[in-house]
Amino acid sequence: MSLLLELGEENPFRIRAYQKAAQNIENLSEDLGSIYKSGGLTALENVPGIGKGIAEHIEELIKTGKLKSHDDLLKKFPKSLLELIAVPGIGPKTAILLHKKLKIDSIDKLEKAAKNGELEKLPGIRAKKIQNMLSGIAMKKRNIGRFSIGDALPYAEAIVKSLKKLKEVDKIVPCGSLRRAKETIGDIDILVTSKKPKKIMGAFIKLPHVERVLAKGETKSSVILKNGMQADVRVVEPKSFGAAVYYFTGSKQHNIQVREMAIKKGLKINEYGIYRGNKRIGGAEENDIFKALGLSYIPPEIREAQGEIEAAKKGNIPILVELKDIKGDLHIHTKATDGANTIEEMAAAAKKLGYGYLAITDHTKSTRVAGGLTEKEAMAHLKKIDLANKKISGIRVIRGMEVDILPDGKLDYPDSLLKEIDIVFASIHSHFKMGRSDMTKRIISAMKNRYVHVLSHPTGRLIGQREAYEVDLDAVLKAAKDTGTFVELNGNPIRLDLDDIHCRKAKELGILIAITTDSHSVTQLDLMRYGVLAARRGWLEKKDILNCFPYEKLIKMLALKRT
DNA sequence: GCCGTTTTCGGCCCGACTGTTTTCAGTCG
């Protein structure tokens with residue numbers, strides 16, 4: 001609706017109201033349909049950004065599957081016109097112009113018109129703009145999507161490291177969705193403080209990582225990197241560091257909310273500082289902004305306009321879990337199945353990280369591709385874990401297994417064997433394509449087994465590779481609560497499963513989360529950082545995390561479900 | 001179209017860069 005209204009050159013605030021509502025709906029942890037089902041129009045209107053008008057639209061959509069005002073707009077502007085706005089460099093104004101004057105309503109027609117010289121007849125469009133449109137189309141066709149945080153973060157850190165060598169650099173910080181640790185990153189935003197911005201700009205666009213320069217100004221430049229990502233660097237003076245980091249970190253919706261709040265208090269916030277009238281009252285430190293607004297500090301990971309500002313007003317911001325709070329890793333594979341290292345090697349590496357324990361959780365017989373262990377092999381393997389535990393000092397090795405959940409919801413080991421295993425992870429590794437209700441029943445049935453401690457990667461998604469299987473996650477979480485089962489947050493950046501939104505939901509239900517790496521080699525133990533970041537996005541604290549408890553306490557907690 | 005610790009009406013975040021212009025509109029984040 002928002003895009004279509006934009007094409008209709010509607011009131012910009014009306015356009016933004018739809019945008020805002022859409023964004024809030026997207027971030028809801030509850031399904032909009034169930035909100036309506038339980039509380040009708042009133043419940044819908046309680047969602048921030050949804051008022052009477054949009055609530056009625058939603059009702060119409062739920063009841064009829066259609067929206068008349070949307071259909072009417074589509075009659076005026078063909079759907080394909082929307083793909084033009086999606087091209088970088090083309091906004092609503094240009095799209096309207098192209099449509100009105102040349103009847104262009106698709107990318108294909110635009111490309112033709114660009115090549116046969118028709119575009120140059122249009123007012124305000126000359127060679128450069130046409131060139132930009134064409135490279136925008138090329139970019140879109142290469143499908144520049146979002147990147148996994150696991151790819152983006154190390155790359156950004158490498159760029160920061162290169163730029164840091166310049167003596168003109170004062171401070172340098174990756175900001176944007178990277179600093180908020182979103183699971184996927186659209187582009188890399190880097191903030192630099194310096195008295196000599198021109199030097200920084202010059203060095204940045206000449207970095208070996210740079211493929212193409214999109215824009216270069218005195219204090220701000222954008223490039224496309226060789227890995228296909230876009231990177232933006234912004235330079236401000238050192239005294240504006242706090243305000244600039246804050247502004248550049250976002251999220252956009254969070255920033256808007258905070259600036260609106262500032263206006264009500266007679267203040268103005270921009271990337272240079274915080275002002276009362278013409279007087280600058282702060283901005284060197286990020287905390288200046290929170291202080292001026294009477295808010296407690298909000299960590300970047302939860303700046304998503306999802307209630308954190310209200311919480312900060314009341315001083316209710318959680319103390320988010322940190323990497324140093326993690327006492328051990330509970331999901332680890334070895335050479336016995338598809339891992340690369342031995343039990344002893346994994347234990348030594350875990351000890352180096354300062355952990356007090358680790359659980360060895362190899363695959364069971366049904367996961368044949370991974371060399372899953374038969375019952376007999378599992379017994380021998382458990383003995384090997386015991387042996388390793390005796391040999392190694394300073395860290396405890398826990399006897400675990402990652403057991404398969406069969407299509408009927410049974411596990412692929414009998415209870416008589418499961419009860420010998422001190423930590424049992426239950427996972428779906430086959431039959432991903434089941435229907436939603438069957439899959440939900442399957443998982444819940446596995447959780448009802450008293451020997452199952454942790455539900456592994458609850459949705460099976462592989463970010464950018466494989467969709468989550470169809471499952472009613474709300475029902476699964478409720479069952480986890482009812483059965484006393486823990487839920488995994490698999491920290492491998494390609495999984496991050498459970499996701500942030502449902503971590504928060506799990507916390508509200510009082511379910512403990514196990515943050516793990518699912519390591520298949522010693523180096524993968526370092527992926528814990530991504531798990532912790534994702535947990536922080538889910539508002540999780542130390543007390544919400546199973547593996548933040550010391551060994552003795554952990555063992556007691558694992559025993560609870562079996563008593 | 002939404003919203004309210006001044007408001008139920010009158011506001012709605014803020015600034016950089018580009019390309020095309022003779023002072024600014026469009027786009028982006």
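No experiment lies behind these values; they were computed from the predicted model shown. The sequence lines fix the lettering, A, B, ..., with proteins before strands; numbering per chain opens at 1.
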Is any side-chain N or O of [X] closer than 4.0 Å to OP1 or OP2 of [N]?
X: A:Thr94; N: B:dT27; result: yes
X: A:Arg259; N: B:dC13; result: no
X: A:Tyr275; N: B:dC13; result: no
X: A:Lys268; N: B:dG15; result: yes
X: A:Thr219; N: B:dC17; result: yes
X: A:Arg14; N: B:dC12; result: no

If I pick the [atom1] atom on [M] and the same atom on [N], what distance separates them, to the nearest angstrom?
N: B:dC13; M: B:dC28; atom1: C1'; answer: 14 Å
N: B:dT20; M: B:dG15; atom1: P; answer: 26 Å
N: B:dT21; M: B:dG26; atom1: C1'; answer: 13 Å
N: B:dT8; M: B:dG4; atom1: P; answer: 13 Å
N: B:dC9; M: B:dC14; atom1: P; answer: 25 Å
N: B:dC12; M: B:dC17; atom1: P; answer: 25 Å
N: B:dA16; M: B:dG11; atom1: P; answer: 26 Å

So [X], base contact, sugar-phosphate only, or nothing? Heavy-atom distance under 4.0 Å.
X: A:Pro48; result: sugar-phosphate
X: A:Asn132; result: sugar-phosphate
X: A:Lys252; result: base
X: A:Lys20; result: nothing
X: A:Val235; result: nothing
X: A:Phe248; result: nothing
X: A:Ile50; result: sugar-phosphate
X: A:Pro88; result: sugar-phosphate
X: A:Ala127; result: sugar-phosphate
X: A:Asn255; result: nothing
X: A:Gly89; result: sugar-phosphate
X: A:Gln257; result: nothing

What nucleotide among [options] has an atom nearest to a side-chain atom of [X]?
X: A:Lys129; options: B:dG19, B:dT27, B:dG29; answer: B:dG19
X: A:Ile54; options: B:dG1, B:dG26, B:dT18; answer: B:dG1
X: A:Glu260; options: B:dC13, B:dG29, B:dA16; answer: B:dC13
X: A:Ile263; options: B:dG19, B:dT18, B:dC13; answer: B:dC13
X: A:Ala17; options: B:dC2, B:dC13, B:dT20; answer: B:dC2

Q) Residues in side chain to side chain donor-acceptor pair (under 3.5 Å) with A:Arg16, at least two apart? A) none
Atom pair distance, as rounded to whole Å: [atom1] in [X] and [atom2] in [N]:
X: A:Glu60; N: B:dG1; atom1: CD; atom2: P; value: 13 Å
X: A:Ile90; N: B:dG29; atom1: CD1; atom2: C1'; value: 18 Å
X: A:Ile85; N: B:dC28; atom1: CD1; atom2: C1'; value: 14 Å
X: A:Met261; N: B:dG11; atom1: CE; atom2: C1'; value: 18 Å
X: A:Gln131; N: B:dT18; atom1: CD; atom2: P; value: 16 Å
X: A:Lys52; N: B:dG1; atom1: NZ; atom2: C1'; value: 12 Å
X: A:Gln230; N: B:dC17; atom1: CD; atom2: P; value: 14 Å
X: A:Glu218; N: B:dT18; atom1: CD; atom2: P; value: 10 Å

Q) Between A:Lys128 and A:Arg234, which is nearer to the 5' end of DNA chain B once each is assigned its nearest nucleotide? A) A:Arg234
**Q.** Closest-nucleotide 5' rank along DNA chain B - winner of A:Gly217 and A:Pro92
**A.** A:Gly217
Q.
Ignoring hydrogens and geometry beyond distance, is the side chain of A:Asn11 in donor-acceptor contact with the base of B:dG1 at under 3.5 Å?
A. yes
Q.
Consider side-chain hydrogen bond (donor to acceptor under 3.5 Å, both in side chains). Of A:Arg495, A:Arg461, A:Arg537, which one does A:Glu183 pass it with?
A. A:Arg461
Q: Kindly confirm or rule out a cation-pi arrangement of A:Arg234 over A:Phe241, judged by NZ or CZ under 6.0 Å from the six-membered ring centre and within 45° of its axis?
A: no
Q. How about A:Tyr246 and A:Phe290: are their ring centres within less than 6.0 Å of each other?
A. yes
Q | Watson-Crick or G-U wobble mate for B:dG4, both contacts under 3.5 Å | A | B:dC9
**Q.** Partner set under side-chain contact (heavy atoms from CB on, under 4.5 Å) for A:Lys129, not counting sequence neighbours
**A.** A:Ile125
Q.
Side chains of A:Asn255 and A:Gln257 only: does a donor on one sit below 3.5 Å from an acceptor on the other?
A. no
Q. Syn or anti for B:dT7, with syn set at within 90° of 0?
A. syn
**Q.** Salt bridge flag under 4.0 Å for residues A:Glu310 and A:Lys314
**A.** no
Q: Run the salt-bridge test on A:Lys101 and A:Glu120 with the 4.0 Å N-O cut-off and return the result as yes or no.
A: no
Q) Taking atom NZ of A:Lys226 as the centre, does the number of heavy atoms from other residues, nucleotides or ligands within less than 6.0 Å exceed 12? A) yes
